[in-house]
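In this text the structure is predicted, and so the values were computed from the model without any measurement. So you know, we letter chains A, B, ... as the sequences are listed, proteins then strands, and number each from 1.
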Number of protein chains: 2
Amino acid sequence: MPVRSEKHRDRRFKMTPQRLAILDYLKGNVQHPAADDVFRAVRRKYPTMSFATVYNTLEALKKRGMVKELTGDPDKKRFDPNTSPHHHLICTNCRKIVDIPVQFDLDFAEQYREGFVITGSHIEFSGICLECRNRSRA
Amino acid sequence: MPVRSEKHRDRRFKMTPQRLAILDYLKGNVQHPAADDVFRAVRRKYPTMSFATVYNTLEALKKRGMVKELTGDPDKKRFDPNTSPHHHLICTNCRKIVDIPVQFDLDFAEQYREGFVITGSHIEFSGICLECRNRSRA
DNA sequence: TATCATCTTAGAACTGTTCTTGTCAATATA
DNA sequence: TATATTGACAAGAACAGTTCTAAGATGATA
């Protein structure tokens, strides 16, 4: 589906070349990039690209539910273009984030909601990834 | 290098008044404070307290497993003196974090570990807390 | 193509965190 | 006791990531 068709859903979201480039970079990306990664990648095509544009665009996409902001990395905000329900593994050594492509059933947790209206859940496992273990063994 | 006996295990961790004050503030605290909160609270008793001391102490306590660092708040690091296994609810409006005092069984997730050696898990529900809902209704 | 709201850029400003420096106290060693 | 070592403190500089500002440029639409 061409990204441009989105314009009919939200005519206030202009499909500028910069935004298309950012969407293009995010599409199918499983690295869970930070703003920094987006900036460096897209700047190759648009050398005048500014950080403000990256943050503005990510914020706009977030507001429209096209990306999710992750909190697992304590050092920077990272973004996930995969908006279908899934969970994450994060390597405490290299900060790599890997998807767990299924959704666990946590309905039984409803009884603990403490008056909250729950809008989302996130399960995250931390550990050491295969690559980091191999590296430290070398 | 000589092996330290069990009773001397922590003799490199001096119990200074500043550290005792920080521990005292954290003990039983269920607010999941940020460094900032610790600083403001402890400074009342020790007006010369420095941010460096707060961060150093929190880092030392983390290293010794006496507090956990949380990642649910994208804007700042927050700390949890409750080190027993439990989960969290976070209000996306006021950033309040509330404990869910039980541990869910996620052993079945082992099959998705993607080569990771898993050392921890964290389940977090996001939503709107009762107070924020009442406030917005007013 | 004229209009208007939105977008982009560049850089400043801000926030939370880490690092550096100088000093001191407590402990270990001779 | 004298001396060395270690750990801790305060103050503030430095740093990284993010947000904000101002002004001009651009895209969508009629």
Reckon D36(B) touches a base, only the sugar-phosphate, or nothing at all at heavy-atom distances under 4.0 Å? nothing

Spacing between E59(A) atom CD and dC7(C) atom P, to the nearest angstrom: 13 Å

K14(B) atom NZ is separated from dT6(D) atom C1', nearest whole Å, by 6 Å

Whole angstroms only, please: what is the CZ-P distance between F39(A) and dG11(C)? 11 Å

Separation of dG17(D) C1' from F79(A) CZ (nearest whole Å): 11 Å

Less than 6.0 angstrom separating the ring centers of H122(A) and H122(B), yes or no? no

Residue pair G72(A) / I90(A): nearest heavy atoms and the distance that separates them: O-CD1, 3.6 Å

Nearest atoms (heavy-atom pairs only) where C91(A) meets C129(A): SG-N, 3.4 Å

How many whole angstroms separate atom CZ of F51(A) from atom P of dG17(D)? 8 Å

Establish, with yes or no, whether the OP1 or OP2 oxygen of dT26(D) is under 4.0 angstrom from a side-chain nitrogen or oxygen of Q18(A). no

Side-chain N or O of R19(A) closer than 4.0 Å to phosphate OP1/OP2 of dG27(D): no

Which pair of heavy atoms, one from E131(B) and one from K96(B), lies closest together, and at what distance? OE1-NZ, 2.7 Å

Taking every heavy atom of H87(B) against every heavy atom of I123(B), the minimum-distance pair comes out as CB-O, 3.3 Å

D37(B) CG - dT17(C) P separation (whole Å): 10 Å

Separation of atom CG in L58(B) from atom C1' in dA8(D), rounded to whole Å: 15 Å

Base, sugar-phosphate or nothing for T48(A)? Non-hydrogen atoms, less than 4.0 Å. sugar-phosphate

To the nearest Å, give me how far apart OH (Y55(B)) and C1' (dA11(D)) are. 15 Å

So for the helix from dT1(C)-dA30(D) to dA30(C)-dT1(D), with five pairs setting each end axis, what is the inter-axis angle to 10°? 40°

If you round to the nearest 0.5 Å, how far is CG of D80(A) from NE2 of H32(A)? 4.0 Å

Whether the side chain of K76(A) and the base of dA16(D) hold a donor-acceptor pair under 3.5 Å is what I'd like checked. no

Provide the closest heavy-atom pair for G127(A) versus F116(B) in the form atom of the first, atom of the second, distance. C-CD2, 4.1 Å

Tell me whether the OP1 or OP2 atom of dC7(C) has a side-chain N or O from T57(A) closer than 4.0 Å. no

OP1 or OP2 of dT9(C) less than 4.0 angstrom from a side-chain nitrogen or oxygen of T53(A), does that happen here? yes

Given dG12(D), is OP1 or OP2 found less than 4.0 Å from the side-chain N or O atoms of S50(B)? no

Phosphate OP1/OP2 of dG17(D): any K77(B) side-chain N/O under 4.0 Å: no

